[in-house]
2 protein chains.
Amino acid sequence: MSKQALPVVDLNAVACCSPIAASPMDADQATVVAPMFKALGDPVRLRLMSMIASVPEICVCDLTPAFDLSGPTISHHLKLLREAGLVDSERRGTWVWYRVRPEAFRQLGALLEVSSAPAAGGTA
Amino acid sequence: MSKQALPVVDLNAVACCSPIAASPMDADQATVVAPMFKALGDPVRLRLMSMIASVPEICVCDLTPAFDLSGPTISHHLKLLREAGLVDSERRGTWVWYRVRPEAFRQLGALLEVSSAPAAGGTA
DNA sequence: CCTCTAGGTTGACAGATTTCAAAACAGCGT
DNA sequence: ACGCTGTTTTGAAATCTGTCAACCTAGAGG
């Protein structure tokens, strides 16, 4: 019943910072990282993520009315964001508060870092 | 017949650089950006992207054998990457070469930048 | 204990995604 | 012209996703 479902993505299990462009990512790492990108690959979740990331923390009750969607649908998207390890939630009395997991956020950023131009001399 | 299908994502149409965490992203921008994350949200495409981004350019014939998937399937994933605006392709004789679109890559990275702790005093 | 509100879970369904086999298309070499 | 190899397109099957209505759980307040 632990509502604090352990994130599917274990950040410590990931070679956490070599940029995608530094060297070909191996299949295992791709399997771990892809779900994080996938979680951001839906407009609703991307907005949700942005709203959460823009403040220290935010109540579901402030998230839901920003969309033209039912409560359960928002709840579903928040769950995916949680399972991807991107956000954390905490119940405090009546309300549930969400905040980002900075490590996850940082990792994603690191993955997309541009590492200059590697020299695999193809083009000429 | 133009195989150089115009990317679905028009990079110039995007408020191209304010980090997700800077302020809540509006619905329109989310609609434009989400497909890019979505494209990276599959392990195969993420690896493909990584392989392409790790070198100046790479031939499909070097991409395909890295996976346990049929040629058409790889081709399909490459098409999605192209449509997301993340990569470009060019046929040169018998082979087709892929390379990243640096602008798109940079934009994605910018989106995930951590902008310290913003003070959007909603909470207190 | 009862009721009210905030959120999450279940079940169902339309539409999208992943994948492959088969077929089409594009250059190259003979 | 013909066949060969590399890549994309088409068509179809199995699976996954986004969404809602209905229902359940958690805490607040009588």
Side-chain angles (χ1 to χ4, degrees), chain A residues 1-6 8 27 30-31 34-49 51-52 57-84 87-99, chain B residues 1-8 27 30-31 34-49 51-52 57-84 87-99 123:
Chain A
M1 253 10 130
S2 71
K3 126 275 292 354
Q4 195 61 17
L6 10 169
V8 164
T31 302
M36 298 198 220
F37 284 112
K38 188 177 194 173
L40 296 181
D42 175 277
V44 174
R45 287 195 296 271
L46 189 54
R47 278 221 286 158
L48 242 11
M49 185 69 189
M51 293 175 75
I52 296 169
E57 61 180 359
I58 187 169
C59 171
V60 173
C61 62
D62 287 327
L63 256 11
T64 304
F67 298 83
D68 241 7
L69 294 169
S70 69
T73 296
I74 296 299
S75 194
H76 168 68
H77 284 303
L78 288 172
K79 184 189 199 172
L80 294 185
L81 248 18
R82 252 185 291 126
E83 288 176 346
V87 303
D88 245 348
S89 68
E90 181 193 353
R91 165 156 238 140
R92 222 138 66 213
T94 307
W95 297 286
V96 176
W97 298 83
Y98 277 77
R99 79 185 80 74
Chain B
M1 236 49 110
S2 73
K3 121 275 289 358
Q4 195 62 16
L6 11 168
V8 164
T31 302
M36 296 199 222
F37 284 113
K38 188 177 195 172
L40 296 181
D42 176 277
V44 174
R45 286 193 298 271
L46 189 53
R47 277 217 291 156
L48 243 11
M49 186 68 190
M51 293 175 75
I52 296 168
E57 62 180 357
I58 188 168
C59 170
V60 174
C61 62
D62 287 327
L63 257 10
T64 305
F67 299 83
D68 240 6
L69 294 169
S70 68
T73 297
I74 296 299
S75 191
H76 168 69
H77 284 302
L78 287 172
K79 182 189 199 172
L80 293 186
L81 248 16
R82 251 185 291 128
E83 288 176 346
V87 303
D88 245 350
S89 70
E90 180 194 354
R91 164 156 241 139
R92 222 139 62 214
T94 305
W95 296 286
V96 176
W97 298 82
Y98 278 76
R99 78 184 81 74
T123 7

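So that the names make sense, note that chain A is the first sequence line, chain B the second, and so on, each numbered from 1. Everything quoted here is computed from the prediction, not taken from an experiment.
For A/Trp95 and D/dA26, the CH2 to P distance is 18 Å, given to the nearest whole Å. Remark: P of D/dG18 and CG of A/Leu46 are 13 Å apart, rounded to the nearest angstrom. Straight-line distance from the CZ atom of A/Phe67 to the C1' atom of C/dG7: 16 Å, rounded to whole Å. As a whole-Å value, the separation of A/Asp62 CG from C/dG7 P is 8 Å. Regarding B/Glu83, its CD atom lies at a distance of 12 Å from the P atom of D/dT8, rounded to whole Å. Between B/Ile58 atom CD1 and D/dT7 atom P the separation is 11 Å, expressed in whole Å. Remark: P of D/dT17 and CG of A/Leu78 are 17 Å apart, rounded to the nearest angstrom. Whole-Å rounding puts the B/Leu63 CG to D/dG6 P distance at 14 Å.
Base engagement by A/Ser75 is indicated by at least one non-hydrogen atom pair under 4.0 Å involving a base atom. Across all strands, B/Tyr98 comes closer than 4.0 Å only to sugar-phosphate atoms, never to a base (heavy-atom distances).
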### Message
Treating primed atoms plus P, OP1 and OP2 as sugar-phosphate and everything else as base, which nucleotides of nucleotides 13-23 of chain C get B, S or - for protein heavy atoms under 4.0 Å?
### Response
----SBBBBB-
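For the side chain to side chain contact (heavy atoms under 4.5 Å, CB included) with A/Val87, the lone residue among A/Arg45, A/Met49, A/Arg99 that qualifies is A/Met49.
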### Query
Hey, mind stepping through B/Asp42 and B/His77 against side chain to side chain contact (heavy atoms under 4.5 Å, CB included) and telling me if it holds?
CA-CA 9 Å; B/Asp42 176 277; B/His77 284 302; 3.9 Å; yes
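Although no hydrogens or angles enter the test, the distance criterion places no donor-acceptor pair under 3.5 Å between the side chain of A/Thr73 and the main chain of A/Leu69.
Separation of atoms CG (A/Leu46) and CZ (B/Phe37) is listed at 6.0 Å; rounding is to 0.5 Å. Taken to the nearest 0.5 Å, the OG1 atom of B/Thr64 stands 8.0 Å off from the CG atom of B/Leu48.
In summary, A/Arg92 and A/Glu57 engage in a salt bridge, as defined by a charged side-chain N under 4.0 Å from a carboxylate O.
Closest approach of B/Ala84 and B/Pro35 over heavy atoms only: CB-O, 4.1 Å.
Taking every side-chain heavy atom of A/Arg82 into account, C/dG8 is the closest of D/dT8, C/dC28, C/dG8.
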